[in-house]
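In what follows, a structure is listed as structure tokens, so that the remarks can point back to it.
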2 protein chains.
Amino acid sequence: MKSPKVHIDVSKELFLRNPDSSELGKRIITGSIDLINELGFELFTFKKLGERIGSPESSIYRYFENKNGLLIYLVAWYWSWVDYKLAFAITNITAPKEKLKRAIDVLVQPVLVDYSILHVNETMLSEIIIKESVKAYHTKEVDDQNKKGCFSQYKYVVKRVSDIILEVNPTFEYPHMLVSTIIEGAHQQRYFADHLPALTNVKQNHDAIGDFYTEMIFKVLA
Amino acid sequence: MKSPKVHIDVSKELFLRNPDSSELGKRIITGSIDLINELGFELFTFKKLGERIGSPESSIYRYFENKNGLLIYLVAWYWSWVDYKLAFAITNITAPKEKLKRAIDVLVQPVLVDYSILHVNETMLSEIIIKESVKAYHTKEVDDQNKKGCFSQYKYVVKRVSDIILEVNPTFEYPHMLVSTIIEGAHQQRYFADHLPALTNVKQNHDAIGDFYTEMIFKVLA
DNA sequence: TCTTAAATGATAGTATTACTATTATATTTA
DNA sequence: TAAATATAATAGTAATACTATCATTTAAGA
């Protein structure tokens with residue numbers, strides 16, 4: 001449902017009750033983005049979220065099984081939104097290399113503008129993705145959740161960009177690997193730049209991370 | 001202290017009491033590697049570890065502040081061990097490209113042989129690193145722990161390989177970024193191959209991950 | 001508009017987790 | 001042999017991660 005009034009849909013395995021369908025649901029999403037950002041995912045609890053939004057935690061449990069389920073929802077929402085941005089960024093572009101360049105930009109550039117679609121602060125959400133998204137799938141339940149389709153939004157983004165890569169170089173053997181390396185790498189390097197700078201190379205007044213990965217992808221495909 | 005009887009040292013910010021200095025300490029390490037592998041880090045607790053090794057949890061708390069501290073110790077031990085393997089792999093090699101090739105191999109090839117230095121099952125530990133190590137530094141305490149030097153073993157490995165990169169190409173601007181991208185990328189792709197194969201490209205009877213990253217690094221440096 | 005169903009709020013309760021504290025008993029060291 | 005140190009055994013606490021119940025509000029259908 002991508003209409004001018006942008007609405008991001010995620011599949012129904014991702015929640016018990018659709019948070020998009022009620023006021024409380026929307027407060028849960030808005031509030032959780034705020035609170036995870038403030039406390040970090042480990043210290044974030046449904047109890048605290050309930051206090052923040054003025055509702056009992058038992059009500060939040062009607063929307064999500066647990067806090068990991070909520071994180072998976074946020075991650076899926078994010079990738080669904082990125083997919084929308086991707087589609088928009090490459091519409092009417094026919095030259096494969098230019099298409100790829102624009103796609104990479106969407107993936108590796110930081111989200112600075114707050115698009116504020118509905119009740120979601122995308123800038124803040126993208127920071128959560130950088131800091132916490134690995135925790136969404138590094139769990140014991142990953143295989144079950146994958147079977148249910150919890151990660152299909154992310155997979156779809158990877159597939160979409162992989163297809164562009166194959167337009168640029170149809171014989172390249174590792175398109176998915178290259179795309180997921182770049183996506184995860186860019187997130188990780190932004191995290192390192194903030195917390196473990198010895199693991200990266202940050203330059204003043206210049207987006208080293210974006211440059212590095214853009215350069216890398218074209219060299220690998222050459 | 002790298003002698004023929006290999007002994008891996010980690011700095012003393014990483015524990016309350018050195019687990020290497022007592023029988024109980026060694027059982028804590030051996031047992032935790034077993035149990036984290038079995039349960040995953042989330043379900044792993046000091047209580048369960050105590051039951052496994054036949055000691056009360058309060059005794060384990062004398063060695064480590066909490067389970068995150070223990071994970072940081074295991075990760076640091078691992079990188080200290082990798083650094084030893086690296087030093088060994090490149091001794092007496094003078095050609096920079098050959099040196100780099102050997103270093104990359106140490107970083108991206110899976111740990112299949114159980115070297116069984118002391119009480120540590122390195123193969124199992126390397127699986128923990130792949131699945132759980134991101135949780136060691138994706139926390140609210142990362143900056144404090146970094147200041148204390150908890151991650152210096154990892155940083156040292158990155159620096160060592162970065163220096164080889166600069167031997168191959170002295171003008172390359174992002175050596176640390178390239179090394180950490182490859183290390184984290186290789187781990188992540190092994191995880192994806194097992195749990196989210198749509199995000200990677202696995203080939204039968206052929207180490208795609210090793211090939212991909214080796215090829216990548218030389219193309220980027222060319 | 002009245003009736004019923006559905007969602008929410010208020011409250012309570014449980015098992016587990018993540019610790020801290022205390023004391024007795026081994027074990028090591030001086 | 002005494003003194004210091006480490007471990008075991010046990011208990012206890014606050015917080016977490018839920019589940020359950022029931023009254024009340026809100027929304028939807030006839």
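Each chain gets a letter, A, B and so on, in the order its sequence line appears, and its residues count up from 1. Values in this document were obtained by computation on a predicted structure and should not be read as measured data.
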Original post:
Between Asp194(A) and Arg190(A), is the closest basic N to carboxylate O distance under 4.0 Å?
Top reply: no
Original post:
Is any NZ, NE, NH1 or NH2 atom of the basic residue among Asp20(B) and Lys26(B) found under 4.0 Å from an Asp or Glu carboxylate oxygen of the other?
Top reply: no
Original post:
Could you state the CG-P distance from Asn68(B) to dA18(C), rounded to the nearest angstrom?
Top reply: 11 Å
Original post:
Do we get Lys67(B) above Phe44(B)'s six-membered ring, with its NZ or CZ under 6.0 Å from the centre and within 45° of the axis?
Top reply: no
Original post:
With a 4.0 Å cut-off on heavy atoms, is Ser58(A) in touch with a base, just the backbone sugar-phosphate, or nothing at all?
Top reply: base
Original post:
So, are Glu42(B) and Lys135(B) salt-bridged, with charged N and O less than 4.0 Å apart?
Top reply: yes
Original post:
Under 4.0 angstrom, heavy atoms only, what part of the nucleic acid is Tyr63(A) near: base, sugar-phosphate, or nothing?
Top reply: sugar-phosphate
Subject >> Over all atoms of both residues, closest heavy-atom pair of Lys203(A) and Ala208(A) >> reply: CG-CB, 3.8 Å
Subject >> Those residues of residues 14-44 of chain B lying under 4.0 Å from DNA chain C by at least one heavy atom >> reply: none
Original post:
Can you tell me how far P of dA18(C) sits from CD of Glu57(B), to the nearest Å?
Top reply: 9 Å
**OP:** Answer yes or no: is there a donor N or O on one side and an acceptor on the other, between the side chain of Ser180(B) and the main chain of Thr200(A), under 3.5 Å?
**Re:** no
Original post:
Separation of Lys67(B) atom NZ from dT16(C) atom C1', in whole Å?
Top reply: 12 Å
Original post:
What is the distance, rounded to the nearest whole Å, between atom OH of Tyr61(B) and atom P of dA21(C)?
Top reply: 13 Å
Original post:
Does the ring of Tyr191(A) carry Lys131(A) above it, NZ/CZ under 6.0 angstrom from centre and within 45° of its axis?
Top reply: no
Original post:
When you match Glu65(A) and Ser59(B) each to their closest nucleotide on DNA chain D, which lands nearer the 5' end?
Top reply: Ser59(B)
Original post:
What's the shortest heavy-atom distance between His176(B) and Ala198(A), and which atoms?
Top reply: CD2-O, 3.2 Å
Subject >> Residue-phosphate contact under 4.0 Å: Lys48(B) side-chain N/O, dT16(C) OP1/OP2 >> reply: no
Original post:
Going 5' to 3' on DNA chain D, which nucleotide is the first and which the last to come under 4.0 Å of a heavy atom in chain A?
Top reply: dT16(D) to dA20(D)
Subject >> Parallel, tilted or perpendicular: ring planes of Tyr137(A) versus Phe192(B), cut at 30 and 60 degrees >> reply: tilted
